[in-house]
Number of protein chains: 2
Amino acid sequence: MKRKSGEERREEIVRALLDLTAEHGARDVSTQDIADRVGIAQPTIFRHFPNRDAIFRAALDSIGRKLLDVLTPMFSGRGSADVRLRKLLARQLRFISRRKGLPRLIFSERLHREDPELKAVVRDIIDRYTSRLEELLREGISQGCFRRDLQPAETARLIVAMIQGLVMRWSLSDFEFPLDQQGEVLWRLLEPALRTPEPPPPQGSTRT
Amino acid sequence: MKRKSGEERREEIVRALLDLTAEHGARDVSTQDIADRVGIAQPTIFRHFPNRDAIFRAALDSIGRKLLDVLTPMFSGRGSADVRLRKLLARQLRFISRRKGLPRLIFSERLHREDPELKAVVRDIIDRYTSRLEELLREGISQGCFRRDLQPAETARLIVAMIQGLVMRWSLSDFEFPLDQQGEVLWRLLEPALRTPEPPPPQGSTRT
DNA sequence: AAGGAAAGTGATTAATTACTTGCATGAAAC
DNA sequence: GTTTCATGCAAGTAATTAATCACTTTCCTT
(Lines give C-alpha, C1' and ligand atoms only; values in the text may rest on other atoms or scores of the structure.)
Protein backbone atom coordinates (compact mmCIF):
# COMPACT_ATOMS: atom_id res chain seq x y z
CA MET A 1 0.00 0.00 0.00
CA LYS A 2 1.42 3.33 -1.10
CA ARG A 3 1.21 6.18 1.37
CA LYS A 4 0.98 9.86 0.83
CA SER A 5 2.17 12.82 2.79
CA GLY A 6 -0.23 14.59 5.10
CA GLU A 7 -0.19 17.62 2.88
CA GLU A 8 -1.24 15.65 -0.17
CA ARG A 9 -3.90 13.74 1.68
CA ARG A 10 -5.38 16.88 3.14
CA GLU A 11 -5.70 18.33 -0.32
CA GLU A 12 -7.29 15.16 -1.61
CA ILE A 13 -9.76 15.21 1.22
CA VAL A 14 -10.70 18.81 0.64
CA ARG A 15 -11.06 18.16 -3.05
CA ALA A 16 -13.28 15.15 -2.39
CA LEU A 17 -15.43 17.22 -0.07
CA LEU A 18 -15.94 19.89 -2.68
CA ASP A 19 -16.72 17.40 -5.41
CA LEU A 20 -19.19 15.54 -3.28
CA THR A 21 -20.79 18.75 -2.11
CA ALA A 22 -21.30 19.79 -5.70
CA GLU A 23 -22.95 16.48 -6.43
CA HIS A 24 -25.08 15.93 -3.36
CA GLY A 25 -25.19 19.07 -1.30
CA ALA A 26 -23.21 19.50 1.87
CA ARG A 27 -25.68 17.86 4.12
CA ASP A 28 -25.12 14.28 3.27
CA VAL A 29 -21.43 14.36 2.74
CA SER A 30 -20.35 12.13 5.56
CA THR A 31 -16.79 11.38 6.51
CA GLN A 32 -17.45 7.92 5.15
CA ASP A 33 -18.36 9.37 1.76
CA ILE A 34 -15.23 11.45 1.71
CA ALA A 35 -13.08 8.52 2.71
CA ASP A 36 -14.61 6.36 -0.02
CA ARG A 37 -13.99 8.99 -2.62
CA VAL A 38 -10.39 9.45 -1.59
CA GLY A 39 -9.88 5.74 -1.27
CA ILE A 40 -8.94 5.52 2.39
CA ALA A 41 -10.64 4.23 5.50
CA GLN A 42 -12.99 6.50 7.37
CA PRO A 43 -10.92 6.82 10.54
CA THR A 44 -7.97 7.91 8.46
CA ILE A 45 -9.78 11.15 7.84
CA PHE A 46 -9.25 11.97 11.48
CA ARG A 47 -5.55 11.50 11.16
CA HIS A 48 -5.55 14.57 8.97
CA PHE A 49 -8.28 16.69 10.47
CA PRO A 50 -9.26 17.02 14.10
CA ASN A 51 -12.94 16.87 13.26
CA ARG A 52 -15.37 17.06 10.42
CA ASP A 53 -15.86 20.80 10.48
CA ALA A 54 -12.16 21.37 10.08
CA ILE A 55 -12.44 19.88 6.60
CA PHE A 56 -15.15 22.35 5.74
CA ARG A 57 -13.07 25.17 7.09
CA ALA A 58 -10.07 24.13 5.04
CA ALA A 59 -12.20 23.89 1.91
CA LEU A 60 -13.68 27.35 2.36
CA ASP A 61 -10.34 28.80 3.16
CA SER A 62 -8.74 27.37 0.06
CA ILE A 63 -11.50 28.55 -2.23
CA GLY A 64 -11.69 31.96 -0.65
CA ARG A 65 -8.00 32.51 -1.20
CA LYS A 66 -8.21 31.42 -4.81
CA LEU A 67 -11.16 33.67 -5.48
CA LEU A 68 -9.41 36.74 -4.14
CA ASP A 69 -6.36 35.84 -6.21
CA VAL A 70 -8.36 35.66 -9.38
CA LEU A 71 -10.12 38.94 -8.75
CA THR A 72 -7.29 41.01 -7.42
CA PRO A 73 -6.19 42.31 -10.85
CA MET A 74 -9.65 43.78 -11.32
CA PHE A 75 -9.62 45.50 -7.99
CA SER A 76 -6.18 46.99 -8.10
CA GLY A 77 -5.83 47.41 -11.86
CA ARG A 78 -5.36 50.76 -13.55
CA GLY A 79 -8.04 50.95 -16.27
CA SER A 80 -11.33 52.80 -15.98
CA ALA A 81 -13.55 51.56 -13.20
CA ASP A 82 -16.54 50.63 -15.30
CA VAL A 83 -14.54 48.36 -17.56
CA ARG A 84 -12.93 46.75 -14.55
CA LEU A 85 -16.26 46.26 -12.82
CA ARG A 86 -17.74 44.63 -15.85
CA LYS A 87 -14.79 42.32 -16.13
CA LEU A 88 -14.95 41.62 -12.42
CA LEU A 89 -18.52 40.40 -12.65
CA ALA A 90 -17.68 38.18 -15.58
CA ARG A 91 -14.67 36.65 -13.87
CA GLN A 92 -16.44 36.16 -10.60
CA LEU A 93 -19.34 34.35 -12.19
CA ARG A 94 -17.02 32.26 -14.29
CA PHE A 95 -15.01 31.31 -11.24
CA ILE A 96 -18.08 30.20 -9.37
CA SER A 97 -19.56 28.42 -12.35
CA ARG A 98 -16.54 26.17 -12.35
CA ARG A 99 -16.95 25.27 -8.69
CA LYS A 100 -20.42 24.04 -8.08
CA GLY A 101 -19.47 22.87 -4.65
CA LEU A 102 -18.98 26.42 -3.48
CA PRO A 103 -22.58 27.64 -3.38
CA ARG A 104 -23.78 24.36 -1.97
CA LEU A 105 -21.22 24.74 0.74
CA ILE A 106 -21.96 28.34 1.50
CA PHE A 107 -25.71 27.92 1.54
CA SER A 108 -25.63 24.81 3.61
CA GLU A 109 -27.27 25.00 6.98
CA ARG A 110 -24.73 22.72 8.48
CA LEU A 111 -22.12 25.30 7.86
CA HIS A 112 -23.90 28.15 9.49
CA ARG A 113 -25.17 26.78 12.67
CA GLU A 114 -22.71 24.14 13.53
CA ASP A 115 -19.54 26.09 13.76
CA PRO A 116 -19.39 29.82 14.42
CA GLU A 117 -15.83 29.87 13.20
CA LEU A 118 -16.93 28.49 9.87
CA LYS A 119 -19.50 31.19 9.59
CA ALA A 120 -16.88 33.77 10.36
CA VAL A 121 -14.72 32.52 7.52
CA VAL A 122 -17.57 32.99 5.05
CA ARG A 123 -18.43 36.41 6.38
CA ASP A 124 -14.85 37.46 6.22
CA ILE A 125 -14.57 36.52 2.55
CA ILE A 126 -17.79 38.32 1.69
CA ASP A 127 -16.89 41.40 3.70
CA ARG A 128 -13.47 41.66 2.17
CA TYR A 129 -14.94 41.31 -1.26
CA THR A 130 -17.61 43.89 -0.57
CA SER A 131 -15.23 46.51 0.69
CA ARG A 132 -12.95 46.10 -2.28
CA LEU A 133 -15.92 46.50 -4.53
CA GLU A 134 -16.87 49.61 -2.64
CA GLU A 135 -13.41 50.96 -3.26
CA LEU A 136 -13.75 50.25 -6.96
CA LEU A 137 -17.03 52.12 -7.05
CA ARG A 138 -15.43 55.08 -5.34
CA GLU A 139 -12.69 55.14 -7.91
CA GLY A 140 -15.31 55.09 -10.63
CA ILE A 141 -17.05 58.04 -9.08
CA SER A 142 -13.94 60.13 -8.89
CA GLN A 143 -13.02 59.07 -12.41
CA GLY A 144 -16.36 60.42 -13.49
CA CYS A 145 -17.72 57.23 -15.04
CA PHE A 146 -20.18 56.57 -12.20
CA ARG A 147 -22.82 58.97 -10.97
CA ARG A 148 -21.70 61.35 -8.29
CA ASP A 149 -24.64 60.65 -5.96
CA LEU A 150 -23.99 56.90 -5.89
CA GLN A 151 -23.74 55.45 -2.39
CA PRO A 152 -20.65 53.24 -2.72
CA ALA A 153 -21.21 51.12 0.36
CA GLU A 154 -24.89 50.48 -0.19
CA THR A 155 -24.38 49.80 -3.85
CA ALA A 156 -21.52 47.42 -3.26
CA ARG A 157 -23.66 45.46 -0.86
CA LEU A 158 -26.46 45.30 -3.37
CA ILE A 159 -24.19 44.12 -6.14
CA VAL A 160 -22.89 41.40 -3.90
CA ALA A 161 -26.43 40.48 -2.99
CA MET A 162 -27.32 40.31 -6.65
CA ILE A 163 -24.47 37.95 -7.35
CA GLN A 164 -25.37 35.83 -4.37
CA GLY A 165 -28.96 35.72 -5.51
CA LEU A 166 -27.95 34.68 -8.99
CA VAL A 167 -25.68 32.01 -7.69
CA MET A 168 -28.36 30.74 -5.39
CA ARG A 169 -30.86 30.55 -8.18
CA TRP A 170 -28.31 28.70 -10.22
CA SER A 171 -27.65 26.27 -7.44
CA LEU A 172 -31.35 25.74 -6.72
CA SER A 173 -31.94 25.04 -10.39
CA ASP A 174 -29.30 22.32 -10.26
CA PHE A 175 -26.98 24.39 -12.41
CA GLU A 176 -29.36 24.32 -15.32
CA PHE A 177 -28.44 27.64 -16.87
CA PRO A 178 -24.95 28.86 -17.71
CA LEU A 179 -24.04 31.11 -14.83
CA ASP A 180 -21.06 32.71 -16.54
CA GLN A 181 -23.27 34.23 -19.18
CA GLN A 182 -25.33 36.03 -16.59
CA GLY A 183 -22.55 38.56 -16.22
CA GLU A 184 -23.70 40.31 -19.36
CA VAL A 185 -27.32 40.34 -18.26
CA LEU A 186 -26.36 41.70 -14.90
CA TRP A 187 -24.27 44.39 -16.48
CA ARG A 188 -27.09 45.44 -18.75
CA LEU A 189 -29.20 46.22 -15.71
CA LEU A 190 -26.40 47.64 -13.66
CA GLU A 191 -24.79 49.90 -16.18
CA PRO A 192 -27.55 52.51 -16.50
CA ALA A 193 -27.93 52.50 -12.72
CA LEU A 194 -24.30 53.44 -12.18
CA ARG A 195 -23.55 55.56 -15.20
CA THR A 196 -23.49 59.30 -14.67
CA PRO A 197 -26.75 60.62 -16.06
CA GLU A 198 -26.84 62.73 -19.17
CA PRO A 199 -26.91 66.44 -18.40
CA PRO A 200 -30.46 67.50 -17.41
CA PRO A 201 -32.62 68.31 -20.44
CA PRO A 202 -34.58 71.55 -20.57
CA GLN A 203 -38.08 70.06 -20.88
CA GLY A 204 -39.78 68.57 -17.77
CA SER A 205 -39.50 64.80 -17.42
CA THR A 206 -41.64 62.18 -15.66
CA ARG A 207 -41.25 62.50 -11.93
CA THR A 208 -42.61 60.26 -9.18
CA MET B 1 -55.54 15.51 29.14
CA LYS B 2 -57.24 17.86 26.71
CA ARG B 3 -57.12 16.84 23.05
CA LYS B 4 -57.24 18.88 19.92
CA SER B 5 -58.54 18.27 16.46
CA GLY B 6 -56.20 17.16 13.75
CA GLU B 7 -56.61 20.44 11.95
CA GLU B 8 -55.55 22.45 14.98
CA ARG B 9 -52.64 20.18 15.75
CA ARG B 10 -51.39 20.31 12.22
CA GLU B 11 -51.35 24.07 12.37
CA GLU B 12 -49.56 24.01 15.68
CA ILE B 13 -46.97 21.67 14.28
CA VAL B 14 -46.37 23.80 11.21
CA ARG B 15 -46.07 26.86 13.36
CA ALA B 16 -43.62 25.17 15.67
CA LEU B 17 -41.54 24.11 12.70
CA LEU B 18 -41.37 27.65 11.39
CA ASP B 19 -40.50 29.11 14.76
CA LEU B 20 -37.80 26.57 15.38
CA THR B 21 -36.42 27.00 11.90
CA ALA B 22 -36.14 30.71 12.50
CA GLU B 23 -34.24 30.04 15.68
CA HIS B 24 -31.96 27.20 14.73
CA GLY B 25 -32.03 26.70 11.01
CA ALA B 26 -33.88 23.87 9.35
CA ARG B 27 -31.22 21.31 9.72
CA ASP B 28 -31.52 20.54 13.36
CA VAL B 29 -35.21 20.82 13.70
CA SER B 30 -35.96 17.23 14.55
CA THR B 31 -39.40 15.80 15.04
CA GLN B 32 -38.49 15.61 18.68
CA ASP B 33 -37.86 19.35 18.81
CA ILE B 34 -41.16 20.05 17.15
CA ALA B 35 -43.01 17.74 19.48
CA ASP B 36 -41.41 19.38 22.50
CA ARG B 37 -42.38 22.82 21.29
CA VAL B 38 -45.96 21.81 20.64
CA GLY B 39 -46.11 19.89 23.89
CA ILE B 40 -46.89 16.44 22.57
CA ALA B 41 -44.97 13.20 22.32
CA GLN B 42 -42.72 12.71 19.35
CA PRO B 43 -44.63 9.80 17.81
CA THR B 44 -47.79 11.85 17.91
CA ILE B 45 -46.31 13.96 15.12
CA PHE B 46 -46.73 10.99 12.86
CA ARG B 47 -50.40 10.77 13.63
CA HIS B 48 -50.77 14.08 11.83
CA PHE B 49 -48.17 13.86 9.10
CA PRO B 50 -47.08 10.79 7.17
CA ASN B 51 -43.44 11.78 7.44
CA ARG B 52 -41.15 14.60 8.33
CA ASP B 53 -40.98 16.15 4.91
CA ALA B 54 -44.73 16.50 4.78
CA ILE B 55 -44.47 19.03 7.59
CA PHE B 56 -41.98 21.04 5.59
CA ARG B 57 -44.23 20.87 2.58
CA ALA B 58 -47.20 22.08 4.55
CA ALA B 59 -45.19 24.95 5.99
CA LEU B 60 -43.95 26.11 2.62
CA ASP B 61 -47.34 25.79 1.10
CA SER B 62 -48.94 27.88 3.80
CA ILE B 63 -46.36 30.63 3.60
CA GLY B 64 -46.32 30.66 -0.18
CA ARG B 65 -50.04 31.18 -0.30
CA LYS B 66 -49.90 33.99 2.22
CA LEU B 67 -47.12 35.74 0.34
CA LEU B 68 -48.99 35.74 -2.92
CA ASP B 69 -52.07 37.03 -1.12
CA VAL B 70 -50.17 39.94 0.32
CA LEU B 71 -48.59 40.88 -2.97
CA THR B 72 -51.50 40.39 -5.32
CA PRO B 73 -52.81 43.96 -4.96
CA MET B 74 -49.47 45.26 -6.23
CA PHE B 75 -49.47 42.97 -9.22
CA SER B 76 -53.00 43.48 -10.38
CA GLY B 77 -53.50 47.04 -9.13
CA ARG B 78 -54.24 49.97 -11.39
CA GLY B 79 -51.71 52.67 -10.53
CA SER B 80 -48.53 53.40 -12.43
CA ALA B 81 -46.14 50.52 -12.60
CA ASP B 82 -43.17 52.20 -10.98
CA VAL B 83 -45.12 53.14 -7.89
CA ARG B 84 -46.50 49.64 -7.64
CA LEU B 85 -43.08 48.08 -8.09
CA ARG B 86 -41.63 50.22 -5.37
CA LYS B 87 -44.43 49.29 -3.05
CA LEU B 88 -44.09 45.67 -4.03
CA LEU B 89 -40.46 45.58 -2.96
CA ALA B 90 -41.28 47.22 0.32
CA ARG B 91 -44.13 44.84 1.09
CA GLN B 92 -42.20 41.80 0.07
CA LEU B 93 -39.26 42.63 2.26
CA ARG B 94 -41.53 43.49 5.15
CA PHE B 95 -43.36 40.21 4.77
CA ILE B 96 -40.15 38.23 4.85
CA SER B 97 -38.69 40.27 7.67
CA ARG B 98 -41.55 39.10 9.84
CA ARG B 99 -40.96 35.44 9.04
CA LYS B 100 -37.39 34.60 9.73
CA GLY B 101 -38.14 30.94 9.36
CA LEU B 102 -38.81 31.36 5.67
CA PRO B 103 -35.31 32.04 4.38
CA ARG B 104 -33.82 29.45 6.67
CA LEU B 105 -36.30 26.99 5.28
CA ILE B 106 -35.76 27.88 1.67
CA PHE B 107 -32.01 27.90 1.88
CA SER B 108 -31.81 24.70 3.81
CA GLU B 109 -30.01 21.84 2.20
CA ARG B 110 -32.38 19.35 3.64
CA LEU B 111 -35.13 20.85 1.64
CA HIS B 112 -33.37 20.72 -1.64
CA ARG B 113 -31.93 17.30 -1.78
CA GLU B 114 -34.20 15.28 0.31
CA ASP B 115 -37.50 15.69 -1.43
CA PRO B 116 -37.87 16.70 -5.06
CA GLU B 117 -41.49 17.56 -4.46
CA LEU B 118 -40.46 20.04 -1.83
CA LYS B 119 -38.06 21.62 -4.22
CA ALA B 120 -40.80 21.85 -6.79
CA VAL B 121 -42.99 23.75 -4.35
CA VAL B 122 -40.29 26.36 -3.83
CA ARG B 123 -39.58 26.69 -7.51
CA ASP B 124 -43.22 27.07 -8.26
CA ILE B 125 -43.57 29.95 -5.82
CA ILE B 126 -40.51 31.69 -7.21
CA ASP B 127 -41.52 31.13 -10.81
CA ARG B 128 -45.00 32.42 -10.27
CA TYR B 129 -43.64 35.46 -8.54
CA THR B 130 -41.10 36.11 -11.26
CA SER B 131 -43.59 35.94 -14.08
CA ARG B 132 -45.95 38.32 -12.32
CA LEU B 133 -43.10 40.69 -11.83
CA GLU B 134 -42.27 40.38 -15.50
CA GLU B 135 -45.84 41.30 -16.34
CA LEU B 136 -45.59 44.35 -14.11
CA LEU B 137 -42.43 45.43 -15.88
CA ARG B 138 -44.15 45.04 -19.24
CA GLU B 139 -46.99 47.23 -18.07
CA GLY B 140 -44.47 49.81 -16.96
CA ILE B 141 -42.85 49.80 -20.37
CA SER B 142 -46.09 50.32 -22.22
CA GLN B 143 -47.08 52.98 -19.69
CA GLY B 144 -43.86 54.74 -20.58
CA CYS B 145 -42.38 54.88 -17.11
CA PHE B 146 -39.77 52.18 -17.81
CA ARG B 147 -37.26 52.24 -20.62
CA ARG B 148 -38.41 50.76 -23.87
CA ASP B 149 -35.36 48.54 -24.34
CA LEU B 150 -35.75 46.86 -20.96
CA GLN B 151 -35.78 43.07 -21.15
CA PRO B 152 -38.71 42.22 -18.87
CA ALA B 153 -37.92 38.56 -18.33
CA GLU B 154 -34.23 39.03 -17.64
CA THR B 155 -34.84 42.02 -15.45
CA ALA B 156 -37.52 40.29 -13.45
CA ARG B 157 -35.17 37.41 -12.78
CA LEU B 158 -32.47 39.79 -11.68
CA ILE B 159 -34.77 41.64 -9.34
CA VAL B 160 -35.82 38.39 -7.77
CA ALA B 161 -32.18 37.39 -7.49
CA MET B 162 -31.44 40.67 -5.79
CA ILE B 163 -34.16 40.12 -3.25
CA GLN B 164 -33.01 36.58 -2.64
CA GLY B 165 -29.48 37.79 -2.22
CA LEU B 166 -30.55 40.43 0.26
CA VAL B 167 -32.61 37.97 2.21
CA MET B 168 -29.78 35.52 2.26
CA ARG B 169 -27.37 38.12 3.53
CA TRP B 170 -29.89 39.00 6.18
CA SER B 171 -30.28 35.41 7.19
CA LEU B 172 -26.53 34.77 7.22
CA SER B 173 -26.05 37.82 9.39
CA ASP B 174 -28.51 36.38 11.89
CA PHE B 175 -31.04 39.06 11.04
CA GLU B 176 -28.78 41.80 12.26
CA PHE B 177 -29.94 44.56 9.94
CA PRO B 178 -33.54 45.63 9.35
CA LEU B 179 -34.48 43.94 6.12
CA ASP B 180 -37.61 45.95 5.54
CA GLN B 181 -35.60 49.12 5.22
CA GLN B 182 -33.55 47.70 2.39
CA GLY B 183 -36.47 48.26 0.06
CA GLU B 184 -35.55 51.92 -0.20
CA VAL B 185 -31.91 51.16 -0.84
CA LEU B 186 -32.82 48.67 -3.48
CA TRP B 187 -35.13 51.11 -5.15
CA ARG B 188 -32.46 53.76 -5.23
CA LEU B 189 -30.28 51.49 -7.30
CA LEU B 190 -33.07 50.07 -9.38
CA GLU B 191 -34.92 53.22 -10.28
CA PRO B 192 -32.34 54.79 -12.59
CA ALA B 193 -31.83 51.40 -14.20
CA LEU B 194 -35.47 51.08 -15.15
CA ARG B 195 -36.47 54.65 -15.75
CA THR B 196 -36.73 55.78 -19.36
CA PRO B 197 -33.59 57.81 -20.06
CA GLU B 198 -33.76 61.54 -20.57
CA PRO B 199 -33.87 62.49 -24.23
CA PRO B 200 -30.35 62.39 -25.71
CA PRO B 201 -28.49 65.65 -25.17
CA PRO B 202 -26.72 67.35 -28.07
CA GLN B 203 -23.15 67.27 -26.69
CA GLY B 204 -21.18 64.00 -26.77
CA SER B 205 -21.18 62.00 -23.55
CA THR B 206 -18.76 59.48 -22.02
CA ARG B 207 -18.93 56.24 -23.94
CA THR B 208 -17.22 52.93 -23.23
C1' DA C 1 20.23 -1.09 10.22
C1' DA C 2 17.59 0.97 14.01
C1' DG C 3 14.18 3.63 15.68
C1' DG C 4 10.58 6.80 15.77
C1' DA C 5 7.06 9.48 13.74
C1' DA C 6 3.43 9.59 10.61
C1' DA C 7 -0.15 7.23 7.88
C1' DG C 8 -3.07 3.54 7.71
C1' DT C 9 -6.68 0.06 9.31
C1' DG C 10 -10.79 -2.83 11.43
C1' DA C 11 -13.58 -2.95 15.21
C1' DT C 12 -16.39 -0.22 18.28
C1' DT C 13 -19.03 3.23 20.43
C1' DA C 14 -22.18 6.65 21.71
C1' DA C 15 -25.33 9.65 20.10
C1' DT C 16 -28.94 11.05 17.18
C1' DT C 17 -33.11 10.46 14.57
C1' DA C 18 -37.09 9.19 11.65
C1' DC C 19 -40.37 6.10 12.14
C1' DT C 20 -43.25 1.66 14.17
C1' DT C 21 -45.95 -0.86 17.37
C1' DG C 22 -49.21 -1.85 20.79
C1' DC C 23 -52.03 -0.02 23.87
C1' DA C 24 -54.86 3.69 26.30
C1' DT C 25 -58.25 7.36 26.33
C1' DG C 26 -61.19 11.17 25.25
C1' DA C 27 -65.01 12.82 22.54
C1' DA C 28 -68.51 12.48 19.50
C1' DA C 29 -72.18 9.50 17.03
C1' DC C 30 -75.72 6.13 17.55
C1' DG D 1 -74.56 3.85 27.29
C1' DT D 2 -71.84 1.83 24.30
C1' DT D 3 -69.53 1.88 20.09
C1' DT D 4 -66.14 3.99 17.32
C1' DC D 5 -62.22 6.18 16.02
C1' DA D 6 -59.02 9.78 15.96
C1' DT D 7 -55.74 11.46 19.17
C1' DG D 8 -52.35 10.38 22.44
C1' DC D 9 -48.28 7.98 24.59
C1' DA D 10 -44.19 4.79 26.25
C1' DA D 11 -41.10 1.83 24.54
C1' DG D 12 -38.54 0.22 20.94
C1' DT D 13 -36.10 -0.32 16.22
C1' DA D 14 -33.07 0.31 12.57
C1' DA D 15 -30.14 3.17 10.38
C1' DT D 16 -26.72 6.64 10.18
C1' DT D 17 -22.64 8.92 11.62
C1' DA D 18 -18.71 11.43 14.00
C1' DA D 19 -15.20 10.08 16.66
C1' DT D 20 -12.04 6.68 19.48
C1' DC D 21 -8.86 2.82 20.16
C1' DA D 22 -5.51 -0.57 19.70
C1' DC D 23 -2.75 -2.03 16.54
C1' DT D 24 0.07 -2.45 11.95
C1' DT D 25 2.75 -0.63 8.14
C1' DT D 26 5.54 2.59 5.69
C1' DC D 27 8.87 6.04 5.32
C1' DC D 28 12.49 9.18 6.86
C1' DT D 29 16.33 10.24 9.72
C1' DT D 30 20.53 9.17 11.81
Side-chain angles (χ1 to χ4, degrees), chain A residues 1-17 20-21 23-60 104-105 108-118, chain B residues 1-17 20-21 23-60 104-105 108-118:
Chain A
M1 197 57 156
K2 261 293 147 275
R3 302 174 65 171
K4 298 198 175 169
S5 77
E7 193 60 32
E8 272 178 294
R9 271 292 187 238
R10 252 173 304 237
E11 275 167 27
E12 283 185 8
I13 290 171
V14 164
R15 178 56 161 276
L17 170 67
L20 287 167
T21 302
E23 292 163 26
H24 306 124
R27 185 181 165 260
D28 4 64
V29 178
S30 64
T31 55
Q32 184 66 64
D33 293 333
I34 299 173
D36 289 348
R37 176 65 62 106
V38 175
I40 55 179
Q42 182 253 354
T44 307
I45 298 277
F46 293 92
R47 285 267 172 245
H48 300 282
F49 292 94
N51 53 50
R52 186 177 180 277
D53 282 335
I55 316 176
F56 282 76
R57 228 172 297 142
L60 271 179
R104 293 269 158 100
L105 199 61
S108 84
E109 276 301 321
R110 166 159 260 149
L111 185 152
H112 296 121
R113 211 205 63 88
E114 216 120 312
D115 185 353
E117 197 184 329
L118 213 45
Chain B
M1 196 55 158
K2 263 292 146 276
R3 302 171 69 169
K4 298 198 177 171
S5 77
E7 194 59 33
E8 271 177 294
R9 271 293 188 239
R10 254 174 303 241
E11 274 167 27
E12 283 184 9
I13 291 172
V14 164
R15 178 56 161 277
L17 170 66
L20 288 167
T21 303
E23 293 163 26
H24 306 122
R27 185 182 165 262
D28 3 65
V29 178
S30 63
T31 56
Q32 184 65 64
D33 293 332
I34 299 174
D36 288 348
R37 177 63 61 106
V38 175
I40 55 179
Q42 182 253 358
T44 305
I45 299 276
F46 293 93
R47 286 267 174 244
H48 299 283
F49 291 94
N51 52 53
R52 187 176 180 276
D53 282 335
I55 315 176
F56 281 77
R57 230 173 295 141
L60 272 179
R104 292 269 158 103
L105 199 61
S108 83
E109 275 301 321
R110 167 157 261 150
L111 187 152
H112 296 121
R113 212 206 61 88
E114 215 122 312
D115 185 353
E117 197 185 329
L118 213 45

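Chain letters run A, B, ... following the sequence lines, proteins first, then strands; residues in each count from 1.
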State which residues pass side chain to side chain donor-acceptor pair (under 3.5 Å) with [X]; sequence neighbours excluded, sorted by chain then number.
{"X": "B/T44", "result": "none"}
{"X": "B/Q42", "result": "B/T31"}
{"X": "A/R37", "result": "A/E23"}
{"X": "A/E11", "result": "none"}

Taking 4.0 Å as the cut-off, does a side-chain nitrogen or oxygen of [X] come that near to OP1 or OP2 on [N]?
{"X": "B/R9", "N": "D/dA6", "result": "no"}
{"X": "A/T44", "N": "C/dT9", "result": "yes"}
{"X": "B/T31", "N": "C/dA18", "result": "yes"}
{"X": "B/H48", "N": "D/dG8", "result": "yes"}

Could you state the [atom1]-[atom2] distance from [X] to [N], rounded to the nearest angstrom?
{"X": "B/R10", "N": "D/dG8", "atom1": "CZ", "atom2": "C1'", "answer": "15 Å"}
{"X": "B/N51", "N": "C/dA18", "atom1": "CG", "atom2": "P", "answer": "11 Å"}
{"X": "A/D33", "N": "D/dA19", "atom1": "CG", "atom2": "P", "answer": "15 Å"}
{"X": "B/D53", "N": "C/dT17", "atom1": "CG", "atom2": "P", "answer": "15 Å"}
{"X": "B/F46", "N": "D/dA6", "atom1": "CZ", "atom2": "P", "answer": "19 Å"}
{"X": "B/F56", "N": "C/dT17", "atom1": "CZ", "atom2": "P", "answer": "12 Å"}
{"X": "A/D36", "N": "D/dT16", "atom1": "CG", "atom2": "P", "answer": "13 Å"}
{"X": "B/I45", "N": "D/dT7", "atom1": "CD1", "atom2": "P", "answer": "13 Å"}

Using nucleotides 22-24 of chain C, report all nitrogen or oxygen pairs with the protein that are shorter than 3.5 Å.
| residue | atom | partner | partner atom | Å |
| --- | --- | --- | --- | --- |
| C/dG22 | O6 | B/R47 | NH2 | 3.1 |

Closest approach to the side chain of A/S30, judged atom by atom: which nucleotide of C/dA18, D/dT17, C/dG8 is it?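 In terms of side-chain proximity for A/S30, the closest of C/dA18, D/dT17, C/dG8 is D/dT17.
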As a test of reading the structure: which of D/dA19, C/dT9, D/dC9 is closest to the side chain of A/I40, going by heavy atoms?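 Within the option list, the nearest is C/dT9.
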From the options B/L17, B/I34, B/V38, select the one residue that forms a side chain to side chain contact (heavy atoms under 4.5 Å, CB included) with B/E12.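 Output: one option passes, namely B/V38.
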Can you find a pair of side-chain heavy atoms, one from A/R104 and one from A/L20, that are under 4.5 Å apart?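 They are not in side-chain contact.
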Who passes salt bridge (charged side-chain N to carboxylate O under 4.0 Å, His left out) against A/R15, sequence neighbours left out?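 Partners of A/R15 under the salt bridge (charged side-chain N to carboxylate O under 4.0 Å, His left out) test: A/D19.
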Could you list the protein-to-nucleotides 11-16 of chain C atom pairs, N/O on both sides, closer than 3.5 Å?
none

Please assess A/R9 against A/I40 for the test side chain to side chain contact (heavy atoms under 4.5 Å, CB included), listing each intermediate value before the final yes or no. CA-CA 10 Å; A/R9 271 292 187 238; A/I40 55 179; 3.5 Å; yes
Do you know which two heavy atoms are closest between A/I13 and A/I45, and how far apart they sit?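 Answer, listing the atom of A/I13 first, then A/I45: CD1-CD1, 4.1 Å.
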